[in-house]
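Below is one structure, written out as C-alpha cells; the observations come after it.
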Amino acid sequence: MKRRIGILTSGGDCPGLNAAIRGVARAAYELFDAEIVGIRNGYGGLIEGEYQEMSKKQFSGILTLGGTILGTSRTPFRNMRVIEDNGVDKVAAMKKTYKDLKLDCLVTLGGNGTHKTANLLSQEGLNVIGLPKTIDNDIYGTDFTFGFHTAVDIATDVIDRIHTTAASHGRCMVIEIMGNKAGWLTLYSGVAGGADVILLPEIPYDIEKVAETVERRAKKKKAFSILAVAEGAMTREEAKMKKKEREALRATQPCISARIAKELTELVGVEARSVVPGHIQRGGSPSAYDRVLSTQFGVHAAQLIKEGHFGVTVALKGNQIVHNDLKDIAGVPKPVPQDDTVVVTARNMGINMGD
Ligand code: F6P
C-alpha cells in the first residue's frame with residue numbers, strides 16, 4: 001500500500017516536535033510504502049504551496065533536536081475563512097495544495113488553533129490527523145500534550161536557580177511562567193520548585209491575600225518568598241471584566257510579574273524582583289518523557305494512516321495512546337479544574353493560591 005503523507009507543524013513551537021515527526025516517518029516507512037512531503041511553516045506553507053519532498057535520511061538525527069525542522073507560523077483560525085486583500089481564499093488554497101501534491105493525508109502537529117483548522121480541513125473533506133503539542137497542556141481530550149513536561153523541567157530549573165539567589169538576598173522573587181489561558185505549566189513547575197505562592201488564570205487572586213504569605217514568611221525570619229505566576233493570572237477585579245476590556249487594560253501595564261513585585265514592595269515593604277524566562281521555556285532538547293510521548297504519538301498517527309482512520313487527533317489517556325474525533329475536541333478549552341489533584345496537593349501543602 002502506498003501513501004503520500006503531508007506533514008506540518010503550526011503555532012508556537014515546543015520541544016518534541018521533531019521527535020514526533022520522526023515517529024510518524026519511521027513508523028510510516030516501517031508499516032507501508034510511504035512518501036512524505038514536508039509542508040513549510042505551518043498552514044502558511046499549505047496556503048502558499050511551500051513544501052519539500054522528504055527523504056528517509058532527513059528524519060535521522062532529529063530526535064533530540066528542539067524546534068521544528070519544518071518551520072512553523074501562527075495562522076489564526078479566526079482569519080481562515082477571511083478572503084485576503086489580494087483575493088486569496090486560504091481554505092481553497094490549502095485544498096488545492098493538498099490535491100496538487102496528491103496527498104492521501106495530512107498530519108498536523110499543533111495546539112488549539114492548529115486543531116481548529118485541522119477540523120475545518122477535515123470537514124472540507126481532507127484526510128487529517130492531529131498530534132497535540134503545546135507547553136501549555138491545554139488541549140482537551142489528552143492527559144498531556146508533548147512539550148509540556150520539558151517546559152515544566154525548564155521552568156522548575158528556573159525556580160530552583162531563583163531560590164538560591166532569593167535566599168541569599170532575602171528577596172521576594174516573582175517568576176512569570178508561560179500560559180495565558182491555562183495555568184498547567186505554572187502549577188506543575190510551582191509545586192516542583194517549592195513555590196510559596198502559585199497564581200493561575202483559573203484562580204483569580206487578591207493581592208492582599210498574596211501579601212499575607214509574604215509578610216508571614218518575613219516575620220518568621222524567612223526573608224525570601226518565591227511566587228510562580230502564570231502570565232495570564234488575573235486579579236478578582238480583572239476576572240469580572242470582559243476579555244477585551246481586560247486586554248486593553250493589561251496593554252497599558254507592565255508585565256504581571258513586575259506589577260506584582262511592585263505591589264508587594266508597597267504593601268509589605270519587601271525587596272522584590274520579577275523574572276520572565278519567556279521563550280526559554282519552549283527552547284532546546286525535549287526531555288526523555290517528551291521524547292517517548294512524541295514518539296508514541298507519531299507512531300500511533302502512522303498506524304491510523306495505515307488503517308485509513310482520519311478526522312482524529314492522537315491523545316494520551318492514562319497510559320494508553322488513543323485518538324479523539326477532531327470535531328469533539330477542536331476549540332474545547334482545557335483549563336486547570338479547581339479540584340485538580342495538583343491544585344488540591346498544593347493547597348494541602350499550604351501553598352498560597354492567591355484566593
Ligand atoms: O502556546 C504556547 C505559548 O508559549 C504560550 O504559553 C504563550 O502565551 C504564547 O505561546 C507565546 O506566543 P508567541 O511565541 O507567539 O510569543
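Just follow the structure's listing: the first ligand is 1, and inside any ligand the first atom is 1.
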Show the distances, to 0.1 Å, for all pairs joining an N/O atom of ligand 1 and a protein N/O atom that are shorter than 3.5 Å, listing one pair per line.
residue, atom, partner, partner atom, Å
ligand 1, 1 (O), Asp136, OD2, 3.0
ligand 1, 4 (O), Arg282, NH1, 2.9
ligand 1, 6 (O), Asp136, OD1, 2.7
ligand 1, 6 (O), Asp136, OD2, 3.3
ligand 1, 6 (O), Gly179, N, 3.3
ligand 1, 8 (O), Glu231, OE2, 2.5
ligand 1, 10 (O), Arg74, NH2, 3.0
ligand 1, 10 (O), Arg282, NH1, 3.1
ligand 1, 12 (O), Arg74, NH2, 3.0
ligand 1, 14 (O), His279, NE2, 2.9
ligand 1, 14 (O), Arg282, NH1, 2.8
ligand 1, 14 (O), Arg282, NH2, 3.0
ligand 1, 15 (O), Arg74, NE, 2.9
ligand 1, 15 (O), Arg74, NH2, 3.3
ligand 1, 16 (O), His279, NE2, 3.2

Side-chain touch Val88/Ile47, heavy atoms, less than 4.5 angstrom |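 The answer is yes; the side chains approach within 4.5 Å.
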Any side-chain heavy atom of Ile139 sitting closer than 4.5 Å to one from His115?
-> yes
Answer with yes or no whether the side chains of Thr150 and Asp290 bring together a donor and an acceptor at under 3.5 Å.
->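 Thr150 and Asp290 do have a side-chain donor-acceptor pair below 3.5 Å.
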Between Arg273 and Thr165, a side-chain donor and acceptor under 3.5 Å | no
Salt bridge flag under 4.0 Å for residues Arg217 and Asp196 =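 Yes.
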Kindly check if the number of other-residue, nucleotide or ligand heavy atoms within 6.0 Å of CD (Glu30) is above 12?
->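 Count not over threshold, so no.
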